[in-house]
Amino acid sequence: MRNRIKNTVCTLLFITLSVTTVLLIYLHFFASEERNLSGEWIAGLDMTEQASARALVWLEDIEAVSISLEELETYMRNLTIEVNMTLEQTAPSEGTFQCHILPESYEECSQAAYEALARAFHALLTERLYMAGYGDGMEGEKVEALVTETFGMSTVSYLRTCGPALLPSLEELQAQYEGSGTYEAADGIMTRMVHEGEAVTTIKESYIRKDETLILTEERAESAQESFFRHSPMIYTLQSQSP
């Protein structure tokens, strides 16, 4: 099941990267050159496709009524986790950075994902009951009451307890995106040195800044764990400019 989820997510990310490439090419030729990157930058880590893919695999495993990935995505809209990155220039083309994921944002995204899956689960359960001849009037609160009576908990609680892991764990995302240290920016390449005690992880990213938008695309990571989540471009929006 884990391999199926990974393969599905990788396929979705390949499609997303293909679309994003067009934007990157445009910005590469038309973006204004702004050397000072100081400020607080916020990005939304989109979890919609990953959560939908994981939910689909689980629904297929329990042999629920057929539903497509596109249909699931209509339930799971705008599932994002906030990533905060602060850059402070200390000399021309270099400075310090801090990057972290807000735990509250992760919890809000997780809750929204399971609430969305619960709505899809209700729709599928209603369809299954209808096919079995018990569909008359079995909608909304009555379906929720049936789930609560059957499993001894609400649909959302049942899915959290017995359903799929819709999101990577907070610890996994923190390992991938959090860190602090120093950076150098030159010729469209940002090199970030993440300091973890005595160990230093070097991440090289292509960067493009257009007004209040900063796009980072990972080129190479040394001494970093492989993860397909890391290869999607991150689009940051400037929240406040450092003096």
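Because only heavy atoms are used, hydrogens play no part in the values below, and waters and symmetry mates are left out as well, while side chains stay in.
Residues Leu37 and Tyr207 are in side-chain contact: their nearest non-hydrogen atoms beyond the backbone lie under 4.5 Å apart. Between Glu172 and Ser169, the closest side-chain pair of non-hydrogen atoms falls below 4.5 Å. Between Thr213 and Ile235 the shortest side-chain heavy-atom distance falls below 4.5 Å. Annotation: side chain of Met193 is in contact with side chain of His195 (closest heavy-atom distance under 4.5 Å). Under the 4.5 Å side-chain criterion, counting only non-hydrogen atoms from C-beta, Gln89 is not in contact with Leu87. Residues Thr217 and Ile215 have side chains in contact (heavy-atom distance under 4.5 Å, counting atoms from C-beta outward). In this structure the side chain of Ile81 reaches within 4.5 angstrom of the side chain of Ile101, judged on heavy atoms. Within the 4.5 Å cutoff, the side chain of Val57 has no heavy atoms near those of the Pro164 side chain.
His122 and Thr155 are linked by a side-chain donor-acceptor pair at a separation below 3.5 angstrom, with hydrogens and angles left out of the test. Side chains of Glu107 and Ser110: no donor on one and acceptor on the other come within 3.5 Å. A donor-acceptor contact closer than 3.5 angstrom links the side chains of Glu115 and Gln111.
The shortest heavy-atom contact between Leu159 and Trp58 is CD2-CH2, 3.6 Å. Nearest heavy-atom pair, Ala123 versus Tyr75, reported as atom, atom and distance to 0.1 Å: CB-OH, 3.4 Å. Of all heavy-atom pairs spanning Tyr236 and Val83, the tightest one is OH-CG1, 3.8 Å.
Looking at Thr150, its side chain does come within 3.5 Å of a backbone N or O of Leu146 through a donor-acceptor pair. Although no hydrogens or angles enter the test, the distance criterion places no donor-acceptor pair under 3.5 Å between the side chain of Glu184 and the main chain of Ser93. Of the possible polar contacts, one joining the Glu71 side chain to the Ser68 backbone as a donor-acceptor pair under 3.5 Å is found. A distance-only check finds a donor-acceptor pair linking the side chain of Asn36 to the backbone of Ser38 [under 3.5 Å]. Looking only at distances, no side-chain donor or acceptor of Thr80 sits under 3.5 Å from a matching main-chain atom of Gly44. Proximity of a side-chain donor or acceptor of Arg54 to a complementary backbone N or O of Ala165 within less than 3.5 Å is detected. The main-chain N or O of Met153 is never found under 3.5 Å from a side-chain atom of Ser157 such that the two would form a donor-acceptor pair.
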Residue pair Tyr177, Met234: steps toward the side chain to side chain contact (heavy atoms under 4.5 Å, CB included) verdict: CA-CA 10 Å; Tyr177 291 97; Met234 294 290 290; 3.9 Å; yes
Worked check of side chain to side chain contact (heavy atoms under 4.5 Å, CB included) between Leu214 and Leu238: CA-CA 8 Å; Leu214 177 66; Leu238 183 64; over 6 Å; no
Kindly indicate, with the supporting measurements, whether the criterion side chain to side chain contact (heavy atoms under 4.5 Å, CB included) is fulfilled by Leu72 and Leu59. CA-CA 10 Å; Leu72 264 178; Leu59 289 171; 4.2 Å; yes
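Taken from CE in Met76 to CG in Leu69, the straight-line distance is 10.0 Å, to the nearest 0.5 Å. Atoms OG1 and CD1, on Thr191 and Ile203 in that order, are 10.5 Å from each other to the nearest 0.5 Å. From Ser206, atom OG reaches atom NZ of Lys204 across 10.5 Å, with rounding to the nearest 0.5 Å. For the atom pair OG1 of Thr74 and CD of Glu70, the computed distance is 9.5 Å after rounding to the nearest 0.5 Å.
Around atom CD of Gln98, no more than 12 heavy atoms belonging to other residues, nucleotides or ligands sit under 6.0 Å away.
Separation of the Phe151 and Tyr158 ring centroids falls under the 6.0 Å cut-off.
Each of Glu94, Glu178, Glu205 was scored for a salt bridge (Lys or Arg N to Asp or Glu O under 4.0 Å) with Arg192, with one residue passing: Glu205. Glu40 pairs with exactly one of Thr237, Asn84, Thr86 by the side-chain hydrogen bond (donor to acceptor under 3.5 Å, both in side chains) rule, that one being Asn84.
At a threshold of 4.5 Å between side-chain heavy atoms, the hydrophobic network of Ile, Leu, Val, Met, Phe, Trp and Tyr places Leu102 and Ile42 in two separate groups. Cluster annotation: Tyr114 and Ile67 are assigned to the same hydrophobic cluster (Ile/Leu/Val/Met/Phe/Trp/Tyr, side-chain heavy-atom contacts under 4.5 Å, transitive).
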